[in-house]
Amino acid sequence: MQINDLLAAETMILNLAATDKIGAFKEMIAGLKQANRISSEADFLEGILAREAQTSTGLGDGIGIPHAKNAAVLQPTIVFARSETGVAYDALDGQPVHLLFMIAVPDTASNTHLEALANLSRFLLRDGFTTQLMAAKTPAEVRRLFDESSPNTSGEDGGIANEDAPLLVAVTACTTGIAHTYMAEESLKKQAATMGVRIKVETNGASGVGNKLNAQDIAAADGVIIAADKKVDMARFADKPLINVPVAEGIRHPEKLITQALDSHAPIYQTAETVTHSDTTEKLSLGKAFYRHLMSGVSSMLPFVIGGGIAIALAFLIDQTLGVPQSALSQLGTYHPAAAFFKQIGNTAFNFMLPVLAGYIAYSIAEKPGLVAGFVAGALAANGYSIFNVGLNASHQPVPSGFLGALVGGFLAGGVMLMLKRAFAFLPKALDGIKSILFFPVLGVIVTGFLMLLINIPMSAINSGLNGFLSSLNGTNAILLGALLGGMEAIDMGGPVNKAAYVFGTGTLAASVATGGSTVMAAVMAGGMVPPLAIFVATLLFRHKFSQKNREAGLTNIVMGLSFITEGAIPFAAADPARAIPSFVAGSALAGGLVGLAGIKLLAPHGGIFVVALTNSPLLYLLFVAIGAIVAGVIYGLLKVPDAD
């Protein structure tokens, strides 16, 4: 597919009227809608603005490439717009933008489309090309410019430098992999040719890895340039001079990067991406580093939450459909063999959830050596210690710390491995093998395991104290108790605080069967249903703030929320605890308080919507859950910072 297959003449604007960024976007999007290339102007504008909120797509030299992969796009299109006076765009060089290329890509775009869009970036960096675009008088002339031979896309320097010239290897990658990735590639290649330097550039784009660097390329290289806004495979560059910068630097300052990479004082890369030896290597801020490592764990954990949660929901559905005697309600989800089968599958998947979260947080921090220590930290957070007779744990019961413990444990494990790497840095290179297979895993597991005591044991005291406090409230104030228990369900979503409320609720069932059920249990289940449903509400009402992947995860949370599987909201809470958890607590507390106010009773300890018939007021109960979910979802949506695309 060629550029002109996407560059529609009917959408071109050769004399853009708008002089500000938002106005220019609206003017171009209106052309897309008129040409029937998008289904909704508002939805596509939201996608464009969400991308722009991350970093400006004004690349400098008068060029802007706003872009979005969006469900509103009906047909992949490049909209060309030209402004004689210039658009105030907040570009990287602070100058007005005169040439705009708005890239509209369906969220299911094929690699063919993405490759064609990548070629656009290469055209724009050809000498004199933008001057020709400014002079074109008709859409047909613009299209003729793109009919010429496509620029070199091999990733090599085109043979301009001789075989004795220095060799560099580079990796370019932006968050979307559509425009900046390939503009940085072309900019580096063009500058290398001017300087007489050989270069091979690997692109980590939306269509996959292009021009992948092999071991021979890296071994022969005199230096490495990483121009990337997302994580790339770094371990292969160990012991090489390496410059690590954002992708925009590859576009704007290729000469500076090439010079630095070939400098004899360039920093030498030492396995962990977070280790730097010079101010010339870009360092992540503490907040950005925390977010990147956290996302590594959350994205790896998400499939376990979804797969296990839906399997458990099916178990409850089967038992509810086939029927369970009132005397066996405590076995709901495992009463019939078919239900028990699905419940076992779901529980098995859930058992992996916290080890995977902690393991991949540690992996992101310390690479492969961090994986084993992180998995152990997550497993200890989930299962706890049972060998110490300490204080409130005198009965030898395990002391778990839930997903919050796993989150902290992942960072703890990663930090331990970084310290061990530094501690063993003095060993000769010949012992690298024994470091990896003996020293790191053994010491990492043992040190991390002991440090996890600092997280797990105090949780036992917290759980015991919460249970005592809840018992003192029982029967004195149903509204306060319902709100408190409902809110506790949302604090750590499956962790010790959540479980404390749940255990207290189930403990009231036995004494309440004769009176039609437990209001406490009803409030607990309502509060636990709210967080996943709030995720769905937020992703529905505030679509522009969520990535496509998170919007899809929002849909699966409907099933988990209705099934009383609070853990469905964990990935979102872990990714943004300061905004998500207070929002969920507010909605869950509201739902629990309303249940307490109405005196709704429940006979079952679990099941969500599948046991709602066992309440004394099913419709009112569902209404209260919906109110809590909407309130929590709206608060979360208003507070949330848009996802990176």
Side-chain angles (χ1 to χ4, degrees), residues 155 167-173 177 181 200-205 208-247 261 266-278 280-284 288-289 292-297 299-300 356 358-375 410-411 413-445 448:
L167 172 65
L168 292 177
V169 293
V171 179
T172 62
T181 298
K200 182 172 182 179
V201 184
E202 175 183 295
T203 55
N204 285 204
V209 176
N211 314 313
K212 186 172 180 63
L213 301 173
N214 57 43
Q216 291 77 18
D217 295 326
I218 297 170
D222 297 293
V224 181
I225 298 172
I226 306 295
D229 289 337
K230 64 180 182 180
K231 189 175 179 65
V232 298
D233 180 10
M234 297 290 288
R236 53 189 167 154
F237 301 120
D239 300 322
K240 285 287 183 181
L242 184 145
I243 304 299
N244 188 359
V245 296
V247 68
I268 304 299
Y269 181 70
Q270 298 290 343
T271 64
E273 187 172 4
T274 53
V275 177
T276 58
H277 301 274
S278 169
T280 59
T281 300
E282 179 73 8
K283 295 183 180 181
L284 292 174
K288 288 183 178 179
R292 174 182 288 185
H293 302 321
L294 186 60
M295 286 300 96
S296 176
S299 62
S300 299
V356 168
Y360 280 92
I361 288 174
Y363 175 78
S364 179
I365 295 171
E367 297 180 341
K368 190 175 180 180
L371 198 59
V372 61
F375 268 96
F411 283 96
V416 166
M417 294 314 303
L418 287 182
M419 287 189 289
L420 288 175
K421 286 182 177 185
R422 285 191 166 96
F424 287 100
F426 69 91
L427 292 178
K429 193 169 180 63
L431 294 180
D432 278 354
I434 198 156
K435 280 195 298 185
S436 299
I437 66 173
L438 180 61
F439 295 158
F440 288 162
V442 172
L443 292 175
V445 165
T448 300

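The first residue in the sequence is number 1, and the count goes up from there. Computed over heavy atoms, backbone and side chain alike; hydrogens, waters and symmetry mates excluded.
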Student: Kindly give the heavy-atom pair with the smallest separation between Gly370 and Ala362, and that separation in Å.
Tutor: O-CB, 3.1 Å

Student: Please report the closest heavy-atom contact between Gly414 and Ala366, naming both atoms and the distance.
Tutor: O-CB, 3.8 Å

Student: If you compare all heavy atoms of Lys240 against all heavy atoms of Ala219, which two are closest, and at what distance to 0.1 Å?
Tutor: NZ-O, 3.0 Å

Student: With sequence neighbours left out, what residues match Pro441 under side chain to side chain contact (heavy atoms under 4.5 Å, CB included)?
Tutor: Val372

Student: Determine whether Glu202 and Asp217 make a side-chain contact, defined as any pair of heavy atoms from C-beta on separated by less than 4.5 Å.
Tutor: no

Student: Would you check, one step at a time, whether the test side chain to side chain contact (heavy atoms under 4.5 Å, CB included) holds for Val169 with Arg236?
Tutor: CA-CA 12 Å; Val169 293; Arg236 53 189 167 154; over 6 Å; no

Student: Only counting residues at least two apart or in another chain, list the ones meeting side-chain hydrogen bond (donor to acceptor under 3.5 Å, both in side chains) with Asp233.
Tutor: none

Student: Under the side chain to side chain contact (heavy atoms under 4.5 Å, CB included) rule, collect the residues that match up with Ala261, sequence neighbours excluded.
Tutor: Leu168, Ile225, Ile243

Student: Under the 3.5 angstrom rule, does the side chain of Lys421 hit a backbone N or O of Pro369 as a donor-acceptor pair?
Tutor: no

Student: Can you sort out the partners of Leu443 under side chain to side chain contact (heavy atoms under 4.5 Å, CB included), two or more places apart, ordered by chain and number?
Tutor: Leu420, Phe424

Student: Can you confirm whether Lys200 sits close enough to Leu213 that some side-chain heavy atom of one is under 4.5 Å from a side-chain heavy atom of the other?
Tutor: yes

Student: With side chains defined as the heavy atoms from C-beta onward, is the minimum distance between Pro241 and Ile268 less than 4.5 Å?
Tutor: yes

Student: Looking at CD1 of Ile361 and CZ of Phe411, how far apart are the two atoms once the value is rounded to the nearest 0.5 Å?
Tutor: 5.0 Å

Student: Identify, with sequence neighbours excluded, every residue that meets ring-ring contact (aromatic ring centres under 6.0 Å, His included) alongside Phe375.
Tutor: none

Student: Could you list the residues that satisfy ring-ring contact (aromatic ring centres under 6.0 Å, His included) with Phe237, not counting sequence neighbours?
Tutor: none

